[in-house]
Protein chains: 2
Amino acid sequence: MTTRGARAAGHGARGDLFDPHCPTRQLLDRIGTKWTSMAVKTLADAAPDEVRFAELRRRMPGVSQKMLSVTLRSLTRDGLVSRRVEPTVPPRVFYRLTGLGLSLEAALAGLRTWAEEHMAEIDRANEAIGQEVDEG
Amino acid sequence: MTTRGARAAGHGARGDLFDPHCPTRQLLDRIGTKWTSMAVKTLADAAPDEVRFAELRRRMPGVSQKMLSVTLRSLTRDGLVSRRVEPTVPPRVFYRLTGLGLSLEAALAGLRTWAEEHMAEIDRANEAIGQEVDEG
DNA sequence: CGGAATCCCCTAGGATACTG
DNA sequence: CAGTATCCTAGGGGATTCCG
């Protein structure tokens, strides 16, 4: 999650710090961000309907308005989310996953399944540390 | 990637900042870390063979010895990687994915595929920013 | 209502040096 | 060889305030 600055430069450029052929790292830089996966999931649950900013915020417990804004802007830039503004006063802004976003959600679903099935094991492994000497 | 400190406390505890029923977030906190996914992949490619520390380091271009160490310790704590020490002088330490680690790799493979197929679109979307006004 | 700007803290993670 | 310990900085992300 460190090389985020490389985005503006375009990571196909010559001066890359890391393997430019590792799209996985790039992807994780995006979805590894605190609220991205939750936003994608929330929008996916609503699809094909659009969701307004405030409503989205309500469905994502704990997110600050700044971070939701930042997250959505990033997703929009990446072409994963579409943004529609109704130029009323006050304005209404709607978000929805694009086709690309939906396909990402499908890929994420796999991870989610794994997490749901196995995170408990990881927790148990962590708790087991420190006891292993006794049991030896 | 921020709430990492919650690990020691055990995220089943009462004081959780976020939904304790979101294992996906926990998982991303792990694999979203800069070197974790690369380490898992590298170990998976070698499986079922063990890999020594230095060899692993060589196969992961750019990783510092500190970060590899930290990453491996974390993976070991999580039960995703097994660690075997030969108490020779100098010592030789071998790493290998556990069954749990291998199953994670399988889940990660899905993400990798998605990334390889679609990161280019994301790049294109990013580059398109700024032109969209011209095109009307 | 949606969001941009500012301030500030905290952690990931790189460089370097030391140990067994 | 395989770490561990220390120092340092860049950036994520929370709170708060201001704007159209």
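Convention: sequence-line order gives letters A, B, ...; per-chain numbering from 1. Keep in mind the model is a prediction, meaning the values are calculated, not measured.
Rounded to whole angstrom, the span from the CG atom of B:Leu28 across to the P atom of D:dG12 amounts to 16 Å. One interatomic measurement links the two molecules: CH2 of A:Trp35 to P of D:dG13, which rounds to 9 Å at whole-angstrom precision. Rounded to a whole Å, the CE atom of B:Met67 is 14 Å from the C1' atom of D:dA5. Atom pair B:Phe94:CZ and D:dA2:P shows a separation of 8 Å (rounding to whole Å applied). In this structure, B:Leu68 atom CG and C:dG14 atom C1' are separated by 14 Å, rounded to whole Å. Atom CD of B:Glu50 and atom C1' of D:dC1 are 16 Å apart (whole Å). One can place CG of B:Asp29 at 12 Å from C1' of C:dT11, the figure rounded to the nearest angstrom. If you measure from atom CZ of A:Arg84 to atom C1' of C:dC1, you get 15 Å, rounded to the nearest angstrom.
Contact annotation: the side chain of B:His118 never approaches that of B:Ile122 to less than 4.5 Å [non-hydrogen atoms, C-beta and beyond].
The structure places NZ of B:Lys41 at 10.5 Å from OG of B:Ser37, a figure rounded to the nearest 0.5 Å.
No donor-acceptor pair under 3.5 Å is formed between the side chain of A:Thr33 and the backbone N or O of A:Trp35. A:Arg25 places a side-chain N or O within 3.5 Å of a backbone atom of B:Lys34 that can act as its donor or acceptor partner.
Considering every non-hydrogen atom in both B:Val85 and B:Arg83, the closest pair reads CG2-NH2, 3.5 Å.
Over its length, the helix from C:dC1-D:dG20 to C:dG20-D:dC1 turns its helix axis by 40°, as judged from the five terminal pairs at each end, rounded to 10°.
Comment: B:Arg30 engages B:Asp78 in a salt bridge, judged by a side-chain N to carboxylate O separation of less than 4.0 angstrom. With respect to the salt-bridge test (charged N to carboxylate O, under 4.0 angstrom), the residues B:Glu55 and B:Arg57 do not qualify.
One finds no side-chain N or O of A:Thr33 lying less than 4.0 angstrom from the OP1 or OP2 phosphate oxygen of D:dG12.
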Every protein N/O within reach of nucleotides 2-7 of chain C N/O, cut-off under 3.5 Å:
residue, atom, partner, partner atom, Å
C:dG2, OP1, A:Arg52, NE, 2.8
C:dG2, OP1, A:Arg52, NH2, 2.8
C:dG2, OP2, A:Ala54, N, 3.1
C:dG3, OP1, A:Arg83, NH1, 2.1
C:dG3, OP1, A:Tyr95, OH, 2.8
C:dG3, OP2, A:Tyr95, OH, 3.0
C:dG3, N7, A:Gln65, NE2, 2.4
C:dG3, O6, A:Gln65, NE2, 3.3
C:dA4, OP2, A:Arg73, NE, 3.3
C:dA4, OP2, A:Arg73, NH2, 3.0
C:dA4, N6, A:Gln65, NE2, 3.0

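Among A:Glu116, A:Arg112, A:Met119, the single residue meeting the side chain to side chain contact (heavy atoms under 4.5 Å, CB included) criterion with B:Leu27 is A:Met119.
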Going through the distances and angles, do A:Glu50 and A:Arg52 end up as a salt bridge (charged side-chain N to carboxylate O under 4.0 Å, His left out)? CA-CA 7 Å; A:Glu50 298 176 304; A:Arg52 290 188 60 180; over 6 Å; no
